[in-house]
Amino acid sequence: MFTNRPFLSAACALTLLAALCGCDQKMRYQPRYQPSDQSDFAAFEDHRTGRPTIEGTVARGQLYADTLLHTGKAPDGSDSSEYPFSITREVLERGQQRFNISCSPCHGRTGDGNGMIVQRGMVQPPSYHDDRLTTAPPGYIVNVIGNGFGRMFKQPQVTVRDRWAIAAYIKALQISQNADPAEVPPEVRDQATAATRPEAVKP
Amino acid sequence: MAVHFEDGGKRFVTQLFSKSANSLARMSIIIGVFTLAGAGAVGALFYRSPYYTNQNVVRSQPVPFSHEHHVAGLGIDCRFCHFNVETSAYAGIPPTHVCMTCHSQVWTEAGVLEPVRESYRTGESIEWQKVHRLADYAYFNHSAHINKGVGCASCHGQVDDMRLMFQNETLQMSWCLECHREPERFVRPKDEVFNMAWTAVDQKALGAQLVEEYDIQSKVTCTTCHR
């Protein structure tokens, strides 16, 4: 039987073919970490693969030397009325997008403080349109986003440039809610009226 | 079958097998072929089955987090929690701090949220189980897809309808290639990427236009994903 060459070759081929089943695994899960993976390395007591920076070190690009940009504070320590970069339409649109993502769940899309989470039991934040906040400089808003205020948690996931864009958008939002229709350019005035009060444009 | 002997001019023919052995031989060949083909088919089905791909399989999680409630019910944008998705390869699981932004005030007594509160108290991680696990030899980048107009729903399905998270697609290479070969069939406007309800009115015309506008190339070389 074992001198039967074709049979022997076929048997060998089949055995090797079956062995292929085992080839997948090592390549599929390689000995390296994916983001948020768990680590079994004994020195990492919290079992996280993402390691915090060692105290006293500054990662490249994370030296926050620009006080105005990173804290919203003017050189004298007060909340800055100046922006660290110029506010263009693009920045405002970015601010609108980020506001709607990160702020509107509680503060509402118009900033009245009646967002969906508030309707579900969150304590209502103050409206952006009361006197204290309409007069607050943009640096104040940047500071609140970065450090939190009252029951509002700090929002470190919002980048510093986005905090300024949001602040600029909130300032625009405040103007929009107390706007004098005479100041609105005529070509968009009709559009705005039609969008907010459909009955107003009916003949 | 027969064996022939020559012996002093005489010729003997000895029958070693009965006649039925012929049909037995034929049958065993046919059965052998069917068995091999069947084994191949079973193998192919196995590698496409949820058992192997994890498609539609719900993982047990420390907290029964409902995307349906948070996305469809409350209207929270994907990026409120997955804030890295536009700039990073990895979409990111939100840190406990993000959960507690609301849950320090809302549902503070809920038993299902105890692991979240415990994580916040102790600083220990919540051990979420990864739902979409690609093989380590495939390098996927979220930001590259998001910034070229691939919608979340195109790969993750109707997440706004998922009470518990599961993998909506096979995540097999043939599935990736469907879009990599013909991106115009799936691409959408960039400002609709995070919109779970978006559908194309005329995908053929729109797809062709967007592929042109966003400079989307059909990327099918091995090194696009395998490095």
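Bear in mind that the values here come from a model prediction, so they are computed numbers and not experimental data. Numbered from 1 within each chain, the chains take letters A, B, ... in sequence-line order.
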Q: Taking atom CG of A:D180 as the centre, report whether more than 12 heavy atoms of other residues, nucleotides or ligands fall under 6.0 Å from it.
A: yes
Q: Would you give the length of the straight line joining atom CZ of B:F80 to atom CD1 of A:I117, rounded to the nearest 0.5 angstrom?
A: 7.5 Å
Q | From CZ (A:R151) to CD (B:Q105), nearest 0.5 Å | A | 5.0 Å
Q) Distance from A:I101 atom CD1 to B:E86 atom CD, nearest 0.5 Å? A) 6.0 Å
Q | Residue, of B:S125, B:S104, B:C102, that accumulates the most heavy atom pairs under 4.5 Å with chain A | A | B:S125
Q: Please name the pair of heavy atoms, one in B:L74 and one in A:M116, separated by the smallest distance, quoted to 0.1 Å.
A: O-CG, 3.4 Å
Q: Measure distances from A:P105 to the heavy atoms of chain B and classify the residue's part below 4.5 Å as side chain, backbone, both or neither.
A: side chain
(Q) Quick check on A:K154: does its NZ atom have over 12 non-hydrogen neighbours (other residues, nucleotides or ligands) under 6.0 Å away? (A) no
**Q.** Separation between CZ of B:R79 and OG of A:S102, rounded to the nearest 0.5 Å
**A.** 9.0 Å
(Q) Once rounded to the nearest 0.5 Å, what's the spacing between atom CG of B:L134 and atom CZ of A:R28? (A) 8.5 Å
Q) How close do A:R120 and B:V106 get, heavy atom to heavy atom, and via which atoms? A) O-CG1, 3.6 Å
Q.
How about CZ on B:R48, more than 12 heavy atoms from neighbouring residues, nucleotides or ligands closer than 6.0 Å, or not?
A. no
(Q) I'd like to know whether CZ of A:R189 has more than 12 heavy-atom contacts from other residues, nucleotides or ligands below 6.0 angstrom. (A) yes
Q.
Measuring only between side-chain heavy atoms, which start at C-beta, is B:T101 closer than 4.5 Å to A:Q155?
A. yes
Q. Which answer fits A:Q119, side chain, backbone, both or neither, if we ask what part of it has an atom under 4.5 Å from a heavy atom of chain B?
A. neither
Q: Walk me through it: do A:M27 and B:D136 pass the test side-chain contact (heavy atoms from CB on, under 4.5 Å)?
A: CA-CA 7 Å; A:M27 286 280 285; B:D136 284 355; over 6 Å; no
Q) Considering all heavy atoms of both residues, which atom of B:H97 and which atom of A:F153 are nearest to each other, and what is their separation? A) CE1-CD2, 3.5 Å
Q: Taking the side chain as every heavy atom from C-beta outward, state whether A:N100 and B:D77 have any pair of such atoms under 4.5 Å apart.
A: no
**Q.** Residues, nucleotides or ligands: over 12 heavy atoms within 6.0 Å of B:W107 CH2
**A.** no
Q) Would you find more than 12 non-hydrogen atoms of other residues, nucleotides or ligands less than 6.0 Å from B:Y51 atom OH? A) no
Q. What residues of residues 39-66 of chain A sit under 4.5 Å from chain B when you count only heavy atoms?
A. A:R48
Q: With rounding to the nearest 0.5 Å, note down the distance linking CZ in B:F194 to CD in A:Q97.
A: 8.0 Å
Q) Quick one: does B:Y90's side chain get under 4.5 Å of A:S36's, heavy atoms only? A) yes
